[in-house]
Number of protein chains: 4
Amino acid sequence: MASRGVNKVILVGNLGNDPEIRYMPSGGAVANITVATSESWRDKNTGEQREKTEWHRVALFGKLAEVAGEYLRKGSQVYIEGQLQTRKWQNQQGQDQYTTEIVVQGFNGVMQMLGGRQGGQGAPMGGQQQQGGWGQPQQPAQQQNYGQQNNNFAPAQQSAPQQQPQSPAPQYNEPPMDFDDDIPF
Amino acid sequence: MASRGVNKVILVGNLGNDPEIRYMPSGGAVANITVATSESWRDKNTGEQREKTEWHRVALFGKLAEVAGEYLRKGSQVYIEGQLQTRKWQNQQGQDQYTTEIVVQGFNGVMQMLGGRQGGQGAPMGGQQQQGGWGQPQQPAQQQNYGQQNNNFAPAQQSAPQQQPQSPAPQYNEPPMDFDDDIPF
Amino acid sequence: MASRGVNKVILVGNLGNDPEIRYMPSGGAVANITVATSESWRDKNTGEQREKTEWHRVALFGKLAEVAGEYLRKGSQVYIEGQLQTRKWQNQQGQDQYTTEIVVQGFNGVMQMLGGRQGGQGAPMGGQQQQGGWGQPQQPAQQQNYGQQNNNFAPAQQSAPQQQPQSPAPQYNEPPMDFDDDIPF
Amino acid sequence: MASRGVNKVILVGNLGNDPEIRYMPSGGAVANITVATSESWRDKNTGEQREKTEWHRVALFGKLAEVAGEYLRKGSQVYIEGQLQTRKWQNQQGQDQYTTEIVVQGFNGVMQMLGGRQGGQGAPMGGQQQQGGWGQPQQPAQQQNYGQQNNNFAPAQQSAPQQQPQSPAPQYNEPPMDFDDDIPF
DNA sequence: TTTT
DNA sequence: TTTT
């Protein structure tokens, strides 16, 4: 994929709600999350503490979406790397509306859970997250950061639906390159 | 300013139009620009070349806005670093609308003109930009990237105010390495 | 400060050791930390799990250094935003050596503690950090992310010395701008 | 590839020399370039203009390396996205030396030529670049930004390869918005 | 030297 | 709607 330009968003923030997971006709997963980033400062006039929170719509696709659905919960702290995408839609009155989202998919996207696993070892996660950590998986998983390079199996992509999940795990399930021994410098 | 989170956008793209400059009651400048980032790829089904352009609304404040107004033109290529901000407004039917912009201001923001000055030395810029370059200033300027740390001359900035000139210049007022020299490796 | 170029490093990782704090003649603090970022993958040939850790030298200046010294410990997870700087020095044999560091200072720099406070409320921190969190302060502090816009008081800066520490807390100890009401759009 | 951490470098700067291209035993290309980023400021004590240039070693791999070799020249302006890597080696005296480079490869890496093509159409490039532009290719090429998703050996690509030809071309196999059109706001 |  |  060639591009003339850079379109990159980096967020570190907390989820305002549990992820919402959906599946596309192709079988690919989509997770929608809202991420809060906030700033606070002391007002120089009144001297009072002020705070402003920005809410971001984030859409994760494919494997990233599945991991988000499994591990992220309301309050979880995440690192997100994706790209801005504004889509046009029409409301019930037939009027044009625009929604801007951070799309996290394919090799552009990174989703990294921050703060370590919460809830103790082996214990059931029990609903709510605290301190921004992330929870027990519904099913085993060993990775924490999904994104880039590993989405071979990432089926669901927004503007480009992928191979079906049942595709036979091809040969590119590999590290970028044997950079321990091959890099010639 | 403290914050709990990271909210960062990085763009490299071209302006879709000349900047629109306005002034706030405080006298501070605001420049609105639209920046295009595009991706192209070959459709693997049809084999045809496809392209998708994403348009970004960018609002620059203070000195950055002034520089944008002076140097940027339709077609100019820029590097932008700012933060996402969604604001709510009401249309004529009284319905809520949301607009997401990249806000470039204060020490968060960076605007860097790319591609070198176009149009030759001293010649009038004459309207249109080519190849993403930037134009003749209305008034002399030696800098190319405004933002962060240095906005001594940058009057209208959010947290702008600077150090006093008379401060006693400690020993770190110098680069750690040779510069203006050869590449040191 | 004008620049022709962008020099930015973004890290999310864990500290390999407690921060080392020093003070410059000017009184400004410097904190040196080492941050690990790691990647793991399954070797496509042997099928075994492989891991590679990269260690980064990070130097924080001014207020950022003080906060790092207060809150960060071995194992703490941090978000770092700074710039690359390679400095030349000579070893005991008089040979040139080069060291590359991520410098986090002034308005370029961001240091954000991740994962929430560890160790319970009010309890003494007691040495070791767990799960990448951060500890009890030695002295009260309300902010979590220091950097950009707020380093008014950050005295010691490497290549750009600021106002004196004893400067009388000027008017710029303020938010970027009343962006709730002033932004004219 | 999973990771626990983020290791990202973003540079915008100019090449100090023509790229050096080599080939690995595997046939893969490696391009080494040096990129300058500079800052300038007015010394508040002496009042004189000062400048500091930082030089970065950048290693590009695979297709990115080939494109760099073809199009980049001394003076070319580039956007680089890669990761930090420090390697240890021994000098002739058997002493340990460390070199830190920005590695641009696989899906982590982005290399974007900035500033438009220089030198006019069809004219021989003739050595030196001006204004940071990039040159005539040795062989036709239509893309400008190589990176992510497009590394030849990486079959699974975002909007490129992916789904099998027989996949029923769902509605997301298309841009969400009008493009090649006017700016939609 | 960290983390998982 | 989150976090501190």
Side-chain angles (χ1 to χ4, degrees), chain A residues 11-20 32-41 49-58 71-78 80 112-118 121 128-134 137 140-146, chain B residues 1-7 86, chain C residues 11-20 32-41 49-58 71-78 80 112-118 121 128-134 137 140-146, chain D residues 1-7 86:
Chain A
L11 301 178
V12 173
N14 298 277
L15 271 69
N17 278 307
D18 288 352
E20 296 173 6
N32 288 285
I33 61 176
T34 53
V35 175
T37 57
S38 25
E39 308 179 279
S40 64
W41 67 94
Q49 193 70 15
R50 303 197 52 184
E51 175 158 342
K52 179 174 182 297
T53 294
E54 190 71 34
W55 288 98
H56 309 271
R57 291 172 177 270
V58 178
Y71 291 94
L72 295 182
R73 294 292 174 269
K74 180 178 181 174
S76 296
Q77 192 182 32
V78 284
I80 289 289
Q112 166 109 27
M113 294 171 283
L114 301 174
R117 201 180 249 101
Q118 299 293 333
Q121 287 87 351
Q128 208 76 352
Q129 287 303 108
Q130 294 164 336
Q131 295 193 333
W134 40 288
Q142 296 174 332
Q143 297 114 319
Q144 193 171 341
N145 173 6
Y146 294 79
Chain B
M1 236 257 325
S3 74
R4 290 182 297 285
V6 172
N7 173 0
T86 298
Chain C
L11 300 178
V12 173
N14 297 277
L15 271 69
N17 278 306
D18 287 353
E20 296 173 6
N32 288 285
I33 60 177
T34 53
V35 175
T37 57
S38 23
E39 308 179 280
S40 64
W41 67 93
Q49 193 69 15
R50 303 197 53 185
E51 176 158 341
K52 179 173 182 298
T53 293
E54 190 70 35
W55 287 98
H56 309 271
R57 292 171 177 271
V58 178
Y71 292 94
L72 296 182
R73 293 293 174 269
K74 179 179 182 175
S76 296
Q77 191 181 33
V78 283
I80 289 289
Q112 166 109 27
M113 296 170 283
L114 302 173
R117 202 181 248 102
Q118 298 294 330
Q121 288 87 350
Q128 209 75 354
Q129 287 303 108
Q130 296 164 335
Q131 295 194 333
W134 40 287
Q142 296 175 331
Q143 298 113 318
Q144 194 171 340
N145 173 6
Y146 294 79
Chain D
M1 238 259 323
S3 74
R4 289 182 297 285
V6 171
N7 174 0
T86 299

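In what follows, chains are A, B, ... by sequence order, proteins preceding strands, each numbered from 1.
Side-chain N/O atoms of N17(A) and base N/O atoms of dT1(F) include a donor-acceptor pair closer than 3.5 Å.
Taking the side chain of E51(A) as heavy atoms from C-beta on, and the options dT2(E), dT3(F), dT1(F), the nearest nucleotide is dT3(F).
With centroids closer than 5.5 Å and planes inclined by less than 30 degrees as the test, W55(A) and the base of dT2(F) fail to qualify as a stacked pair.
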Could you check T34(C) against L15(C) for side chain to side chain contact (heavy atoms under 4.5 Å, CB included), going step by step and ending with a plain yes or no?
CA-CA 6 Å; T34(C) 53; L15(C) 271 69; 5.8 Å; no

Walk me through it: do N32(C) and R57(C) pass the test side chain to side chain contact (heavy atoms under 4.5 Å, CB included)?
CA-CA 7 Å; N32(C) 288 285; R57(C) 292 171 177 271; over 6 Å; no

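When heavy atoms are screened at a 4.0 angstrom cut-off, T53(C) is found touching base atoms of the nucleic acid.
Between Q49(C) atom CD and dT3(E) atom P there is a gap of 19 Å when expressed in whole angstrom units. At whole-Å resolution of the value, CG in L15(C) and P in dT3(E) are 10 Å apart. Rounded to a whole Å, the CE atom of M113(C) is 17 Å from the P atom of dT3(F). Note: NE2 (H56(A)) to P (dT2(F)) measures 15 Å, nearest angstrom. The distance from atom CZ of R4(D) to atom P of dT1(E) is 17 Å, rounded to the nearest whole Å. Atom C1' of nucleotide dT2(E) and atom CG of L11(C) are separated by 13 Å, given to the nearest angstrom. One interatomic measurement links the two molecules: CZ of R57(A) to C1' of dT2(F), which rounds to 16 Å at whole-angstrom precision. Atom P of nucleotide dT3(E) and atom CG of L114(A) are separated by 15 Å, given to the nearest angstrom.
For S38(C), the side-chain contact (heavy atoms from CB on, under 4.5 Å) partners two or more places apart in sequence, or in a different chain, are E51(C), T53(C), R4(D).
Residues S40(A) and Q49(A) form a side-chain contact, since some pair of their non-hydrogen atoms from C-beta on lies under 4.5 Å apart.
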